[in-house]
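Notes for the one structure printed next.
Along the sequence shown, residues carry numbers from 1.
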Amino acid sequence: MTFVPPHPFMCNMPEKHSIKAESITDAYVKVVNFFKSYGIEFRN
């Protein structure tokens, strides 16, 4: 993933982050956990 600044004002996210996963479900969980570590949560 590559993030283009400006980032959300509440956190200082890296400009690049790599995720390796064996399935799309595993990738989704890793992306959600990555964002959660920066205080961004997905809700339905």
Side-chain angles (χ1 to χ4, degrees):
M1 298 183 293
T2 302
F3 302 100
V4 179
H7 300 300
F9 67 91
M10 62 187 165
C11 60
N12 188 16
M13 295 175 63
E15 290 188 19
K16 291 186 179 185
H17 183 74
S18 178
I19 292 178
K20 294 181 182 179
E22 294 183 14
S23 67
I24 191 71
T25 304
D26 192 30
Y28 178 78
V29 169
K30 289 182 179 189
V31 168
V32 168
N33 287 334
F34 170 76
F35 283 123
K36 192 175 191 179
S37 70
Y38 288 97
I40 301 169
E41 293 189 21
F42 298 97
R43 297 180 186 234
N44 20 349

ask   = Looking only at heavy atoms, which two atoms of A27 and A21 are closest? And how far apart?
value = N-CB, 3.4 Å

ask   = How far apart are the closest heavy atoms of K30 and K20, and which atoms are they?
value = NZ-O, 2.7 Å

query = Are F34 and I40 connected in the hydrophobic side-chain network, where two residues link if heavy atoms are under 4.5 Å apart?
reply = yes

ask   = In terms of hydrophobic clusters joined by side-chain contacts under 4.5 Å, are V32 and I19 together?
value = yes

message = With a 6.0 Å cut-off (strictly less than), is the heavy-atom count around OH of Y28, excluding the residue itself, greater than 12?
response = no

